Amino acid sequence: MAISSLHATTSLHSPCTTNTSFRQNQVILFTTRSSRRGSTRHGGGGARTCFQVSCSADKPVVIGLAADSGCGKSTFMRRLTSVFGGAAEPPKGGNPDSNTLISDTTTVICLDDYHSLDRTGRKEKGVTALDPRANDFDLMYEQVKAIKEGKAIEKPIYNHVTGLLDPPELIQPPKIFVIEGLHPMFDERVRDLLDFSIYLDISDEVKFAWKIQRDMAERGHSLESIKASIEARKPDFDAFIDPQKQYADAVIEVLPTQLIPDDNEGKVLRVKLIMKEGVKNFNPVYLFDEGSSITWVPCGRKLTCSYPGIKFAYGPDSYFGNEVSVLEMDGQFDRLDELIYVESHLSNLSTKFYGEVTQQMLKHADFPGSNNGTGLFQTIVGLKIRDLYEQIIAERAGAPAEAAKV
Ligand SMILES: Nc1ncnc2c1ncn2[C@@H]1O[C@H](COP(=O)(O)OP(=O)(O)OP(=O)(O)O)[C@@H](O)[C@H]1O
Ligand SMILES: O=C(CO)[C@H](O)[C@H](O)COP(=O)(O)O
């Protein structure tokens, strides 16, 4: 066995911080840092748990996905997991209200689990869940760091059904560890642990349309209560969530269409994929000719377009002082199988075979956004993350990227 794989972890539930949010019936695991081989000793009940540190080539690649609630994180995660093959499921035999999703390659945790104040606590203190004071960033940092080092963690669970903090769940280091939620890039220490970061930037008009669709149609909320909830969150969203986009390696910005004058339906979308230049292991996608500025209306013989049509744009730009490439799609596809025509004009897609983007989109045609730029760009970012992962693993193993293909 490789020497590195013999080492035991010393970190479970954060040894450096006290999570006061835990309820009394929880077993809090304290770790003695001296334990080095195979076992870790905990206070509060004398439990012993064995955790292994994997060799450096196996250590997780960590991805951050930030967005407000109801902005498509879960949908994006389902697309990402599918790129790696296999379905993602909650931890087997665990808390049925767990927010975690595990597949063969990926483990996605929801950062809501680091709320330090439960629903009642937030109400009493008059803070929203978006407020940093309602979240335990020390614990988030300790645990993301531990996972990145190949150590298992005991992560708390925020129960969205009860609004309480449930006993923690065991999370083993996966190949790809995704932290999704409100604040993956808020804390500088956590941000520095990310190998790649994404921000879903949904404009107010579109967010409102999506919220109405979900919370009115599926959850029976009234229009007034949806409006009130969006308004109540807005100041904290602007102060704590939105600024994170400046740090993202890729931003998917979703805006109302420009193809329909004064559109207020929010069904046809204009979506931008903003890709930072110079990010290690990430080569931005381009349309036709890298670095040039292009607009393209592909509607013609090869692509069926009903009103209002489809318009692509591509070119260099600046975003929060960073050099970026921007790929934009306004409009929606009538026939998803014809997407292959668009795919064949895009380069640097990191596909493994011709038509992989189209195949992925067809596979999940029932996911929200599959007929527009949201689904297309989420799929492309998923492929870029797979490529980034393969490059990192190959680099660590000192092998060509081919050898690390999943
Ligand atoms: N690309 C899209 N196009 C249209 N509607 C969408 C899109 N993505 C998400 N939605 C709408 O928003 C709702 C929330 O999506 P999703 O569950 O993926 O978001 P989320 O960020 O994970 O939400 P939450 O944080 O509240 O769990 C969906 O039910 C759907 O109505
Ligand atoms: O912004 C959110 C992220 O999902 C939630 O509103 C937050 O986690 C609080 O959850 P709940 O409303 O279930 O108490």
Side-chain angles (χ1 to χ4, degrees), residues 21 65-81 88 97-101 108-124 127-132 134-136 156-166 178-184 186 198-203 205-219 221 225-226 229-230 232-234 236-237 240-242 252-257 265-273 329 331-333 361 364-379 381:
S21 65
L65 172 68
D68 197 2
S69 160
C71 286
K73 296 184 299 292
S74 313
T75 311
F76 184 20
M77 280 305 127
R78 287 196 288 162
R79 289 190 197 277
L80 175 70
T81 309
D97 295 327
S98 166
N99 301 307
T100 302
L101 285 173
V108 181
I109 65 155
C110 175
L111 296 179
D112 294 351
D113 289 334
Y114 293 99
H115 289 337
S116 52
L117 294 174
D118 62 15
R119 205 175 281 157
T120 312
R122 292 195 300 271
K123 207 169 171 193
E124 280 169 4
V127 293
T128 72
L130 301 91
D131 191 313
N135 294 280
D136 188 342
I157 298 174
Y158 177 73
N159 189 321
H160 280 279
V161 179
T162 61
L164 296 169
L165 289 145
D166 281 353
V178 184
I179 57 170
E180 63 97 342
L182 298 170
H183 305 98
F186 180 83
I198 307 124
Y199 185 91
L200 302 183
D201 187 8
I202 315 298
S203 62
E205 300 93 317
V206 177
K207 202 189 279 188
F208 188 52
W210 288 2
K211 273 261 179 208
I212 289 177
Q213 185 187 317
R214 182 178 73 170
D215 294 354
M216 248 175 113
E218 297 168 24
R219 300 187 178 174
H221 297 182
S225 73
I226 297 170
S229 130
I230 292 182
R233 290 171 71 96
K234 183 103 175 88
D236 282 354
F237 174 80
F240 308 120
I241 312 303
D242 194 60
I252 298 180
E253 191 177 317
V254 185
L255 304 152
T257 183
E265 255 195 291
K267 283 203 174 121
V268 182
L269 301 175
R270 173 178 165 229
V271 188
K272 290 182 175 189
L273 174 56
M329 176 184 162
Q332 54 193 33
F333 301 109
M361 291 283 283
H364 302 301
D366 58 330
F367 285 9
S370 287
N371 65 345
N372 63 37
T374 59
L376 176 62
F377 294 159
Q378 287 178 3
T379 302
V381 173

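Since the model is a prediction, treat every value here as computed from it, not as a measurement. Atoms within a ligand are numbered from 1 in the order they appear, just like the ligands themselves. FYI, side chains are in, hydrogens and waters are out, and symmetry mates aren't considered; it's all heavy atoms of this structure.
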Reported [atom1]-to-[atom2] distance for the pair [X] and [Y], which is rounded to 0.5 angstrom:
{"X": "Y199", "Y": "I252", "atom1": "OH", "atom2": "CD1", "answer": "12.5 Å"}
{"X": "K272", "Y": "L255", "atom1": "NZ", "atom2": "CG", "answer": "6.5 Å"}
{"X": "N159", "Y": "R119", "atom1": "CG", "atom2": "CZ", "answer": "8.0 Å"}
{"X": "D131", "Y": "L117", "atom1": "CG", "atom2": "CG", "answer": "8.5 Å"}
{"X": "R214", "Y": "S69", "atom1": "CZ", "atom2": "OG", "answer": "5.5 Å"}
{"X": "T75", "Y": "Q378", "atom1": "OG1", "atom2": "CD", "answer": "6.5 Å"}

Provide, to 0.1 Å, the distance between [atom] and the closest protein heavy atom, together with that atom's residue and name.
{"atom": "atom 24 (P) of ligand 1", "answer": "G70 N, 3.4 Å"}
{"atom": "atom 3 (N) of ligand 1", "answer": "W210 CZ2, 3.3 Å"}
{"atom": "atom 18 (O) of ligand 1", "answer": "T75 OG1, 2.6 Å"}
{"atom": "atom 22 (O) of ligand 1", "answer": "S74 OG, 2.4 Å"}
{"atom": "atom 20 (P) of ligand 1", "answer": "K73 N, 3.5 Å"}
{"atom": "atom 1 (N) of ligand 1", "answer": "T374 OG1, 2.8 Å"}

- Query: Under 3.5 Å, is there a donor-acceptor pair between the side chain of N99 and the main chain of I157?
  - Reply: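 Flag not set: sc N99 to bb I157 has no pair under 3.5 Å.
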- Donor-acceptor under 3.5 Å (K211 side chain, C71 main chain):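 Looks like no, no N/O pair under 3.5 Å.
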- Nearest option to atom 27 (O) of ligand 1, as decided by whichever heavy atom of K267, H160, Q213, R214 sits closest: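 Going through K267, H160, Q213, R214 one by one, R214 has the nearest heavy atom to atom 27 (O) of ligand 1.
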- Message: Measuring from atom 19 (O) of ligand 1, which candidate in S69, G373, C110, G72 has the nearest non-hydrogen atom?
- Response: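 The residue whose heavy atom sits nearest atom 19 (O) of ligand 1 is G72.
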- Message: Once you measure the plane-to-plane angle for H364 and F367, does it fall in the parallel (<30°), tilted (30-60°) or perpendicular (>60°) bin?
- Response: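 H364 vs F367 ring planes: parallel.
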- Side-chain donor-acceptor pair under 3.5 Å between S370 and R79, yes or no?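 Yes, R79 and S370 have a side-chain donor paired with an acceptor closer than 3.5 Å.
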- What do you reckon, does C71 put a non-hydrogen atom under 4.0 Å from ligand 1?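 The answer is yes, since C71 has a heavy atom less than 4.0 Å from ligand 1.
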- What residues sit with at least one heavy atom under 4.0 Å from ligand 2?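 Lining ligand 2 at under 4.0 Å, by heavy atoms, one finds S69, D112, H115, R119, R122, A129, Y158, H160, L182, R233.
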- Message: Only heavy atoms of G369, strictly under 4.0 Å: list the atoms of ligand 1 that pass.
- Response: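 Atoms satisfying the 4.0 Å criterion: 1 (N), 2 (C), 3 (N).
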- So, do V254 and S203 sit near enough that their side-chain heavy atoms are less than 4.5 Å apart?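 They are not in side-chain contact.
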